[in-house]
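Note on naming: letters A, B, ... go to the chains in the order of the sequence lines (proteins, then strands), and numbering restarts at 1 for each one.
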Amino acid sequence: MIVRLMGEGQYELDKKHVDEVNKIDNNLVKIVNTGNEKDFKSEFKKLSDYVRKNGKKISDDVIKPSGIIIPPSDLTLEEAKKIFEGDGLFPD
Amino acid sequence: MGLIDRTSTIIQAKINKILGKFEDPRETLDYSYEKQVELLQNVKRGVAEVTTSKKRLELQKIKLEENIKKLDEQAREAIKAGREDLAKIALERKSASQAEIGSLTLQIADIKNQQDKLVATEKRLSAKIESFRSTKETIKAQYSAAEAQVKVTESVSGISEEMSDVGMAVQRARDKTENMKARASALDELVESGTLEDMTGGSQDDIDRELSKIKSKGDVDRQLEEMKKEMGK
């Protein structure tokens, strides 16, 4: 499966790793609701670290849509909230 | 819905908008290509803006360093002249300038980070655009409109996703640069006038300010004593 780390590029990630990605994503939803910035940063970092560690980088000249799109690794809690609320964070 | 699904949904909606814009998929290819070239220009402008902001901050840092030297000399002059009050003011300003240099150094590192990211983004997008251009020409030359549809959907989806990604990166870099510009303007005035009292920053609370005042006062008194001792006064 192709995974995009926004701001970095795309990775090919084996399907067996997707469960872990979803697990971290679920934790993130809970953390966004509690509003703890520090917890958010450390949990969110796990997500891109995991993909970088287990995935294989796809060359920059390959053009393919991704199955999973992960926001930039320095995303703030405030920005994460905006993603849940609307599409203001992604310009046309 | 998780953060990932939510992000994908928003970006997918944008992709669908582009895919649904034209009847003939070959027109979609041309339109998308135009947008990519526009976006690349935007990234280049972003790089230039960030670079300018960085230079400005670096220049301010140099000026503040010069100020510190000058204020130190002024303090010595003042002591020589028996004007301890003036020496104290100079040393207070020196201390404030030193604090400001600390925060400028952090900002310069932050903006350098933005600059590096945008330069990498520019490189990645250029590679994608080049690749898209050749795909586009192949599709247009070899396929009828109906046959082109499937191929267009994949490459336009892929490149549109990239464009959303790059668009967000440029937007975020710009926002950061804007914030720094505003701060740099405020600092310009203070560097010129030499009044640095208010530069303890907006995010500090009253206790922080009070503490930094006490610290600065201790620092100033200590320097004053040292200077006096050094000069045998």
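- Heavy atoms of other residues, nucleotides or ligands lying less than 6.0 angstrom from OH of B:Y143 number 12 at most.
- Look at A:R4 and B:E162 and you find a salt bridge, because one of the NZ, NE, NH1 or NH2 atoms lies within 4.0 Å of a carboxylate O, short of that distance.
- For chain B, no part of A:N22 is nearby; none of its heavy atoms comes within less than 4.5 Å.
- Neither the backbone nor the side chain of B:E130 comes within contact range of chain A; no heavy atom of the residue lies under 4.5 Å from a heavy atom of that chain.
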- Item | Working for side-chain contact (heavy atoms from CB on, under 4.5 Å), residues A:M6 and B:I11 | CA-CA 11 Å; A:M6 290 185 80; B:I11 289 175; 4.0 Å; yes
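- Distance check, rounded to the nearest 0.5 Å: CG of A:L5 to CG of B:D165 gives 9.5 Å.
- Only the side chain of A:Q10 comes within less than 4.5 Å of a heavy atom of chain B; its backbone N, CA, C and O stay farther away.
- The contact between B:K128 and chain A is made by backbone and side chain atoms together, counting heavy-atom distances below 4.5 Å.
- Taking CD from A:E85 and CZ from B:R6, the interatomic distance works out to 9.5 Å, rounded to the nearest 0.5 Å.
- For the pair B:S8 and A:I69, the tightest heavy-atom approach, listed with the atom from each and the gap, is OG-N, 3.5 Å.
- Atom NZ of A:K82 sits about 12.5 Å away from atom CD1 of B:I10, to the nearest 0.5 Å.
- Heavy atoms closer than 4.5 Å to chain B are found in the side chain of A:L47, but not in its backbone.
- For a residue to count as touching a neighbouring chain, one of its non-hydrogen atoms must lie under 4.5 Å from one of that chain's; by this rule B:I4 touches chain A with backbone and side chain alike.
- Atom CD of A:E78 sits in a sparse spot, with 12 or fewer heavy atoms from other residues, nucleotides or ligands closer than 6.0 Å.
- Residue B:E23 qualifies as open at atom CD: its count of foreign heavy atoms under 6.0 Å is 12 or below.
- Shortest non-hydrogen contact noted between A:T76 and B:R172 is N-NH2, 4.4 Å.
- For A:V32, no part lies under 4.5 angstrom from a heavy atom of chain B.
- Within 6.0 Å of the NZ atom in A:K64, the count of heavy atoms belonging to other residues, nucleotides or ligands does not exceed 12.
- Within the 4.5 angstrom heavy-atom criterion, only backbone atoms of A:S59 (N, CA, C, O) approach chain B.
- Atom NZ of B:K140 sits in a crowded spot, with more than 12 heavy atoms from other residues, nucleotides or ligands closer than 6.0 Å.
- If you tally non-hydrogen atom pairs under 4.5 Å between each of A:V29, A:D61, A:I68, A:L28 and chain B, the highest count goes to A:D61.
- Of all heavy-atom pairs between B:S131 and A:I63, the closest is OG-CD1, 3.8 Å.
- Within 6.0 Å of the NZ atom in B:K181, the count of heavy atoms belonging to other residues, nucleotides or ligands exceeds 12.
- Each of B:I159, B:L3, B:T7 has some count of heavy-atom pairs under 4.5 Å with chain A, and the biggest count is that of B:L3.
- In the displayed structure, B:K123 atom NZ is contacted under 6.0 Å by at most 12 heavy atoms of other residues, nucleotides or ligands.
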